Amino acid sequence: MSGIFRNLDESIKHPDIIKFLELCDRARRDGHMTVPLVQERPFGRYWPHLILNRWHEDKEDFIYSFWGTKLTTVYGMDLTGKYIRRGEFKQTEDTFWQAHMDVITDLNSVYLNTNIHWLGKEFQFLNAVIIPLERDGQVSETLAYVTFK
């Protein structure tokens with residue numbers, strides 16, 4: 001059985017992730033990433049691979065406020081407007097939820113590495129980084145970049 005692994009060197013040192021984080025560092029300077037920064041031209045090439053999650057206090061869950069088109073193609077579904085913990089993929093939902101919660105709580109990046117075994121796509125590997133996303137002066141959202149190379 002495949003698992004979801006956190007903070008592996010394979011993800012931390014992945015060339016696509018390094019390039020994405022370098023762009024984020026240049027854009028955000030000493031602050032956190034914000035939605036307006038993500039909407040700037042240099043990030044356009046990453047949009048198909050991005051996930052934006054917003055913490056929903058009443059539901060105690062994250063809602064996917066943006067789910068990139070590459071993710072829709074690979075996963076075979078668009079999760080925009082859906083919650084992480086919706087009961088559809090119980091074996092992975094808690095792991096993803098906790099990774100995003102750790103990012104908004106600790107304000108540190110989390111790296112993930114897995115294959116999409118819960119969708120029967122063991123051949124499709126992914127590496128991802130999740131970083132804090134600020135809106136209106138508060139970090140209650142996350143920005144994830146997912147690469148399938």
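Computed from a prediction, not measured in an experiment: that's the story for all the values here.
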Please check: side-chain N/O of [X] versus main-chain N/O of [Y], any donor-acceptor pairing under 3.5 Å?
{"X": "Ser11", "Y": "Asn7", "answer": "no"}
{"X": "His49", "Y": "Val146", "answer": "yes"}
{"X": "Thr147", "Y": "Asp16", "answer": "no"}

Quick check: closest heavy atoms across [X] and [Y], and the distance to 0.1 Å?
{"X": "Leu143", "Y": "Phe20", "value": "CD2-CZ, 3.9 Å"}
{"X": "Tyr64", "Y": "Leu79", "value": "CB-O, 3.3 Å"}
{"X": "Ser109", "Y": "Val129", "value": "CB-CG2, 4.1 Å"}
{"X": "Ile104", "Y": "Ser140", "value": "CG2-C, 4.0 Å"}
{"X": "Trp55", "Y": "Glu60", "value": "CH2-C, 3.2 Å"}

For Gln124 and Asn115, test the side chains for any donor-to-acceptor distance below 3.5 angstrom and give the result as yes or no.
-> no

Are Gln98 and Asp94 close enough that a side-chain donor and a side-chain acceptor fall under 3.5 Å?
-> no

Would the His56 and Phe62 ring centres measure less than 6.0 Å apart?
->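 No; Phe62 has its ring centre 6.0 Å or more from that of His56.
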
Spatial distance of atom [atom1] ([X]) from atom [atom2] ([Y]) [nearest 0.5 Å]:
{"X": "Leu133", "Y": "Arg28", "atom1": "CG", "atom2": "CZ", "answer": "11.5 Å"}
{"X": "Leu52", "Y": "Arg54", "atom1": "CG", "atom2": "CZ", "answer": "9.0 Å"}
{"X": "Leu126", "Y": "Leu112", "atom1": "CG", "atom2": "CG", "answer": "7.5 Å"}
{"X": "Asn113", "Y": "Asp9", "atom1": "CG", "atom2": "CG", "answer": "11.0 Å"}
{"X": "Trp97", "Y": "Thr92", "atom1": "CH2", "atom2": "OG1", "answer": "14.5 Å"}
{"X": "Asn53", "Y": "Trp67", "atom1": "CG", "atom2": "CH2", "answer": "8.5 Å"}

Residue pair [X] / [Y], side-chain heavy-atom distance below 4.5 Å:
{"X": "Ile130", "Y": "Tyr111", "answer": "no"}
{"X": "Asn108", "Y": "Asp102", "answer": "no"}
{"X": "Ile84", "Y": "His100", "answer": "yes"}
{"X": "Leu107", "Y": "Val103", "answer": "no"}
{"X": "Cys24", "Y": "Ile131", "answer": "yes"}

Between [X] and [Y], is there shared hydrophobic-cluster membership here, with clusters defined by ILVMFWY side-chain heavy atoms closer than 4.5 Å?
{"X": "Ile17", "Y": "Phe5", "answer": "no"}
{"X": "Tyr83", "Y": "Met77", "answer": "no"}
{"X": "Val139", "Y": "Leu50", "answer": "no"}
{"X": "Tyr145", "Y": "Phe66", "answer": "yes"}
{"X": "Leu21", "Y": "Val110", "answer": "no"}

Angle class for the Phe43/Tyr46 ring planes (parallel below 30°, perpendicular above 60°, tilted otherwise)?
-> tilted

Contacts of Glu22 meeting side chain to side chain contact (heavy atoms under 4.5 Å, CB included) (sequence neighbours excluded), chain-then-number -> Ile18, Arg26

Output a table of donor-acceptor pairs, distance under 3.5 Å, between side-chain atoms of residues 33-40 and any protein atom two or more places apart or on a different chain; print 'none' if there are none.
residue : atom : partner : partner atom : Å
Thr34   : OG1  : Leu37   : N            : 3.3

Arg135 and Glu141 ion-paired at < 4.0 Å |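 Glu141 and Arg135: salt-bridged.
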
Quick check: are there more than 12 heavy atoms from other residues, nucleotides or ligands sitting under 6.0 Å from CG of Asp106?
-> yes

Start with the C-alpha gap between Asp61 and Arg86, add the side-chain angles, then the distance that decides, and say whether salt bridge (charged side-chain N to carboxylate O under 4.0 Å, His left out) holds.
-> CA-CA 9 Å; Asp61 199 357; Arg86 58 193 183 283; over 6 Å; no

Should Val74 and Phe148 be marked as a side-chain contact (heavy atoms from CB on, under 4.5 Å) after you check the CA-CA gap, both sets of side-chain angles, and the distance that decides it?
-> CA-CA 9 Å; Val74 171; Phe148 297 98; 3.7 Å; yes

